[in-house]
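Structure record follows, encoded as structure tokens.
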Amino acid sequence: MFDAVVNNFPFLMGGFWVTVKLAFFALAGGIPLGILVGLGRISHNKWVYYPVTFYVNLIRNIPLILVIFWFYFVMPIIIGSPLDPFPSAVISFIIFEATYFGEIIRAGYQSVSKGQIEAGYSTGLNYIQTTRYILIPIALRRMLPSMITQAIVTYQDTCLAFVIGLPELIRRATIVDNLEVRSVQLYGFVAVVFFITCYIGSLMSRRFEVKEQEGG
Amino acid sequence: MIQIKDISKWYGDFNVLKDINEEVEQGQTVVVCGPSGSGKSTLLRCINGLEPFQEGEIFVDGVSVGDRTTNLYKLRTEIGMVFQRFELYPHMTALQNITLAPIKVRNKSKKEAKAKAMELLERVGIPDKANAYPANLSGGQQQRVAIARSLAMEPKIMMFDEPTSALDPEMIKEVLEVMINLSKSGMTMIVVTHEMGFAREVADEIIFMDEGSIIERGTDISFFQNPESPRTKDFLDKILI
């Protein structure tokens, strides 16, 4: 009944591994860049604020698939040499996801009341202590559930890399399907793999939300 | 203890404070009242250097607040401040809120800071709430924790910025009681409030501000009975009903 999946299991799981690697690099680059973007969006320096805001608005208003295409097909024309699909996809994801992480970080920062910071100062805490013990812990707690949700979205988004021929999970399922014509079980299997991994992530996210409500 | 000399402050073109002069002696309680937007809170925030001012000078215990070489962080350890909206740290228990600054700034041991915090929670009447998070405390309890948090630094001066304005009526009394006891124990206090009962009981001086200036000042009795300016009379009529 699951013959197509069973017979091609190593091939399919190899695709899952590509998906995991894509997500890992997308997050490993997207979150740090997102932190910089978030800081840029709260900067009072207009030479920082306006370029970063332009970047965020530009990227957030075009579809991810277009960023992937653009990077893969247009960049080689500009730089004059072809790009490998994997690094090209990773860079596209980093550029795209960083804008979303940046906005989460900006919102988390802005959710900390100015009064709580001033309360810190008024008890004699200095800038570093106030940032370390008040600003960052409060902001982090508020942004963690959204960060995890966005990480799950990033993980799901990685399947779009298939448009530039990366042999990730969905791409490999189509390859097998083209040979064996077992669409229901193959795409069912892909759905189960994504569901299980994402559901674990959303459970983690919910745990943090509950913690936040308790105040701890 | 506090000398305010010819303070003026602008937000852009807007003149928030105009030539304010005021002196607060050690152990005195000064009540500041006036309509919203009159500069009361701004004045408090200038005294502990949360906001800069453009003209004049403020001395706290002999230290100039406006001087660039003054270490404001150190100065603020001597001036407690209580806010209208409590501003407790939501990720910490009442006890942690109180002990944070003594441990980090005064370098007290955890044990010592905790003992002092429990003593203060006792003093404000909620020792049983030591391990509660702010979200699980009523407004009145939160404000009392905030007062204890300020007192934990053993400041020479306590400032209150409309400490009861965000509270339900039945909680105002419990906060005022703490403040009255504090005043009677000899703390130097500047209190922005419209609670005239509090002013009557403990104020050594009441100043009335409007549009950035002090337009009336007096010890309590004279202030209530015959305010000099019509503006003060009008305001007092509104808040005293």
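What's counted below: heavy atoms across the whole structure, side chains too, no hydrogens, waters or symmetry copies. So you know, we letter chains A, B, ... as the sequences are listed, proteins then strands, and number each from 1.
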CA sep, side-chain torsions, deciding dist, call: Phe194(A), Tyr155(A), ring-ring contact (aromatic ring centres under 6.0 Å, His included): CA-CA 9 Å; Phe194(A) 270 100; Tyr155(A) 167 69; 5.3 Å; yes
Please determine if [X] and [Y] form a salt bridge, counting it only when a charged side-chain N lies under 4.0 Å from a carboxylate O.
X         : Y         : value
Lys116(B) : Glu154(B) : yes
Glu119(B) : Arg123(B) : no
Glu103(A) : Arg106(A) : yes

Using heavy-atom distances under 4.5 Å, tell me whether [X] contacts chain A through its side chain, its backbone, both, or neither.
X        : result
Leu50(B) : side chain
Leu88(B) : backbone
Arg45(B) : side chain

Who wins among Arg149(B), Met81(B), Met153(B), Lys104(B) for the most heavy-atom pairs under 4.5 Å with chain A? Lys104(B)
Okay, Glu118(A) and chain B: the region with an atom under 4.5 Å from a heavy atom over there is both
Contact part of Ser113(A) toward chain B, heavy-atom cut-off under 4.5 Å: side chain, backbone, both or neither?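 Just its side chain gets close to chain B.
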Which one of Gly120(A), Pro137(A), Ala119(A) has the most heavy-atom pairs closer than 4.5 Å to chain B?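 Of Gly120(A), Pro137(A), Ala119(A), Ala119(A) has the most heavy-atom pairs under 4.5 Å with chain B.
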Distance-only donor-acceptor check, side chains Ser41(B) and Asp161(B), under 3.5 Å: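 Asp161(B) and Ser41(B) do have a side-chain donor-acceptor pair below 3.5 Å.
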Check each of Val37(A), Leu36(A), Thr154(A) against Phe101(A) using the side-chain contact (heavy atoms from CB on, under 4.5 Å) test, and report the only one that passes. Thr154(A)
